[in-house]
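Heads up: the structure comes next, in structure tokens.
Note that the numbering runs from 1 along the sequence shown for the chain. Computed over heavy atoms, backbone and side chain alike; hydrogens, waters and symmetry mates excluded.
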Amino acid sequence: MIDRRELAGRHAVEVTGIVPGSPLSVGNGELCFTVDVTGLQTFPAAHPVEDRTGTGPGTLLATLSSWGWHSVPGSYRLEETLRTYETPRGPVPYVDMRGELSGAGEAPDSAAESWLRANPHRLDLGRIGLAALDGPPLTPADLGEVRQWLDLWTGTITSRYRLRGEPFTVVTACHPGLDAVAVRLESPALERTGVRVAFPYGSQAWGNAADWTRPEAHSSRLRRRDGAFTIDRVLDDTHYEVTVTGAEGVRETGSHDFLLTFAGPAAELVVTFGAASPPGFGQVMESSAAHWARFWSTGGAIDLSDADDERAPELERRVVLSQYLTAIHCAGSTPPAETGLIANSWRGRFHLEMHWWHGAHFPLWGRPELLERSLGWYDTILPAARETARAQGLPGARWPKQVAPDGRESPSPIGPFLLWQQPHPIHLAELVRRATGTRHALDRYARVVLETADCMAALAAEGPRGYALGPPLVPAQESYAGVRAAAANPTFELAYWSWALRVAQRWRRLLGLPPDPLWSKVADGMARPLVRGGVYAAMDAPPYTLRDDHPSMLYALGVVPPTPLIDPGVMRATLRDVLAGWDWPSTWGWDFPAIAMTATRLGEPESAVEALLMETGKNTYLPNGHNRQTDTLPVYLPGNGGLLTAVALMARGWDAGPAMPGFPASWRIRQEGLLPLP
């Protein structure tokens, strides 16, 4: 048996100073609180996040939640951004964006485009940090003898340091079931050191969750009750409460600034976000310890300590930390943003084509309930998805791409034209069904699965070479956005369409429903992907294959299980062609696990390991375990989630497949609780 506690213990994160891109977090999937080495959010400027829209940097030291959203006043409608495209079904309106959009920034063409892309945006719920009661403000130069560590077994961060020469010990934890953060502070200087709690307005910037320049636009009203302090927050239509217990006193130092003070050398502070009754400090600590011990003791585990390869310890570190990070960032009641709950990216809005990468691993690692928290969200936006399908002349539900909890699409020359998010709810629901082994998944997700398949089958247009996809469309490899009006038949999406429709047909049988003839006709009759020069092209339209961004043609066998559409020999040649020369700096963190999955299904374990650990910028994993991309994306959860899915395939395989197909025999791995993929 794997010693689960020892496995978690050997990957506890320890730092001895400020690492700008790599702060530590506590959270529960619904709320995340990220701290610097003081155990609080004392020095936010030391952990910057560059903003693509030129509004100045944000910070990784945020307090974000799945429920905390804000919109500035506006009355724009999505209909103002519609544009008609010719399709095999005739003229169809699509949400579009006439302004420019690139990795370097955005230039919307209208006020409607700007507002609809930026609202609603995820809101930083409050900044909590140490503050000197006398003398100049604290700075990072005041720190010394820093030692901070994250204990994965208990979910607590312990921070020890000297601040202006005085010793401090701060312990930080988050309640697993309540949006409450507990902090124990110990220092002989605590009577001279307070805790500042400050509140910003919501930001419309691409990567910043806080706007500190508009104090007149919101209110923070202090109430005292039963030994606690409650701040009532009002930002336009957004209202929430923040309750603080454990402070001796509180005074207002600004319209949205409050200073907590303490009477002795130790204090136990609890900050509760929302209207829940605040728990006690001990309750938070005990609940956190019990929750994380249970988390690590159950579900899947993999031990690489006996592997005869110098790369194994780093891969094991990434695997263990990715389990923690996806549990606190990707296991909430809505799909997560690509930066989770540590910072805003795309204004905190989530991308449904990434939901699979964030959450597919949960059922495979024996934790389907963590995926189900967000999978049920699709039911809540079914009316909007049905309306999109209806407007495009389709039955069923067509899912959006870049959204907030309301499910409204964002204007974009890319998102509304993507297809590969469409099969994801079928794939994710099937993984839950396989993991739970009960009728539960069928009953809960049948409507989403069946209406997704209805739309998919009708969207594929019958042609001389079979059922075709597009135009218009943008493949998963978004380099083709400029030719979206003519793009057609991307290799990955053709295979994914065929496989997902077969899965949906199986669900009909399990539900006692007759097969849908059109679903079978489309699944069996999809156009075959284009082969050029002995390898799969990205799509069946000029320019066929560009060698940057995602090499998505590979994922037609890897992410997608085997289908009659894909020839393994041609895919093997495609894999070797990609590995021989691709623009790796332009790829994304999830590409490397995706390539590893393709290599695994082709029986090439050494290529799988090499892809998973390729030394290139966007495959970097920081000391805190986060997958770094760029200065604007210093954390990227699809990379972490994709890593766990790939490792599950490599270690456990697929139905009726070989054992441990993705690791060379010399690795001698041990695994427990992993489930095979389809």
Side-chain angles (χ1 to χ4, degrees), residues 86-92 356 375 378-379 382-399 418-434 439 441-473 475 488-530 539-540 556-557 559-567 655-656 678:
E86 289 299 322
T87 80
R89 304 183 306 284
V92 168
W356 192 90
L375 191 56
Y378 287 90
D379 242 338
L382 257 177
R386 288 171 181 149
E387 178 56 29
T388 298
R390 185 203 61 77
Q392 297 184 359
L394 299 166
R398 178 162 183 170
W399 305 108
L418 291 179
L419 291 179
W420 67 295
Q421 76 271 29
Q422 192 66 17
H424 280 351
I426 296 176
H427 200 165
L428 294 172
E430 173 69 358
L431 293 178
V432 170
R433 186 193 69 79
R434 291 162 57 94
R439 192 177 172 86
L442 295 173
D443 292 337
R444 185 172 183 189
Y445 306 115
R447 184 166 58 169
V448 166
V449 167
L450 300 185
E451 295 199 38
T452 299
D454 275 337
C455 182
M456 290 175 59
L459 190 146
E462 191 171 13
R465 293 180 47 233
Y467 282 92
L469 297 177
L473 62 79
N489 289 338
T491 295
F492 169 42
E493 284 84 343
L494 289 172
Y496 203 7
W497 228 252
S498 177
W499 178 82
L501 284 172
R502 288 188 171 92
V503 172
Q505 197 76 283
R506 186 183 313 131
W507 274 55
R508 288 188 68 90
R509 292 196 297 270
L510 292 171
L511 289 162
L513 300 173
D516 187 301
L518 180 60
W519 296 6
S520 294
K521 189 177 180 182
V522 174
D524 295 339
M526 295 298 296
R528 290 199 166 272
L530 178 65
M539 66 176 185
D540 188 4
L557 178 60
V559 174
V560 181
T563 64
L565 283 178
I566 301 300
D567 182 322
D655 297 339

| message | So, taking the atom named CG in Leu418 and the one named CD in Glu493, what distance separates them when rounded to the nearest 0.5 Å? | response | 8.0 Å
| query | Any donor-acceptor pair under 3.5 Å linking the side chain of Gln422 with the backbone of Ala397? | reply | yes
| said: Given 3.5 Å as the limit, does a donor-acceptor pair link the side chain of Thr388 with the main chain of Ala384, or not? | reply: yes
| said: Measuring from atom CG of Leu518 to atom OH of Tyr467, what distance do you get when rounded to the nearest 0.5 angstrom? | reply: 5.5 Å
| message | Please determine whether side-chain contact (heavy atoms from CB on, under 4.5 Å) holds for the pair Arg398 and Leu419, giving the CA-CA distance in whole Å, both sets of side-chain angles, and the decisive distance to 0.1 Å. | response | CA-CA 9 Å; Arg398 178 162 183 170; Leu419 291 179; 3.5 Å; yes
| query | Is any side-chain heavy atom of Arg502 less than 4.5 Å from a side-chain heavy atom of Asp524? | reply | yes
| query | If you look at every heavy atom in Cys455 and Ala389, which pair is closest and at what distance? | reply | SG-CB, 4.3 Å
| said: Give me the atom names and distance for the closest heavy-atom approach of Ile566 to Ala495. | reply: CG1-CB, 4.0 Å
| query | Checking side-chain contact (heavy atoms from CB on, under 4.5 Å) for the pair Asp516/Lys521: CA distance, chi angles, key distance, verdict? | reply | CA-CA 9 Å; Asp516 187 301; Lys521 189 177 180 182; over 6 Å; no
| Going from CG on Leu557 to CG on Leu565, what distance comes out if it is rounded to the nearest 0.5 angstrom? | 11.0 Å
| What are the two closest heavy atoms between Leu450 and Ala504, and how far apart are they? | CD2-O, 4.4 Å
| field | Ring geometry between Tyr496 and Phe492 (parallel below 30°, tilted from 30 to 60°, perpendicular above 60°) | value | parallel
| request: Taking Arg447 for its side chain and Asp379 for its backbone only, find out whether a donor-acceptor pair lies under 3.5 Å. | output: no
| request: Give every residue pair that meets the ring-ring contact (aromatic ring centres under 6.0 Å, His included) criterion with at least one member in residues 499-530, sequence neighbours excluded. | output: His427-Trp499
| field | Distance-minimising heavy-atom pair for Pro515 and Arg508 | value | C-NE, 4.0 Å
| said: To the nearest 0.5 Å, what is the distance between CD1 on Ile426 and CD on Gln505? | reply: 10.5 Å
| message | Quick check on the 6.0 Å ring-centre criterion: do Tyr378 and Trp399 meet it? | response | yes
| query | Of the non-hydrogen atoms in Val449 and Pro425, which two are nearest, and what is the gap between them? | reply | CG2-O, 4.4 Å
| query | Below 4.5 Å, heavy atoms only, C-beta onward: do Val522 and Met526 meet side chain to side chain? | reply | yes
| request: I would like to know whether Arg509 and Leu513 meet side-chain contact (heavy atoms from CB on, under 4.5 Å); could you show each step before the answer? | output: CA-CA 5 Å; Arg509 292 196 297 270; Leu513 300 173; over 6 Å; no
| note | d(Leu469 CG, Trp497 CH2) to nearest 0.5 Å is 5.5 Å
| Just by modelled atom types, is the Arg528 backbone N or O under 3.5 Å from a matching donor or acceptor in the Arg465 side chain? | yes
| field | Smallest separation among heavy atoms of Met539 and Pro475, with atom names | value | SD-CG, 4.0 Å
| message | Is there a side-chain contact between Arg444 and Val432 in this structure, where contact means two heavy atoms from C-beta onward sitting under 4.5 Å apart? | response | no
| query | Measuring from Leu442:CG to Glu430:CD, what's the distance to the nearest 0.5 Å? | reply | 8.5 Å
| query | Is the shortest heavy-atom distance from the side chain of Arg89 to the side chain of Leu459 under 4.5 Å? | reply | yes
| request: Would you check if Pro472 and Thr87 make a side-chain contact, meaning some heavy-atom pair closer than 4.5 Å? | output: yes
| query | Are the side chains of Arg439 and Leu511 in touch, meaning some heavy atoms are under 4.5 Å apart? | reply | yes
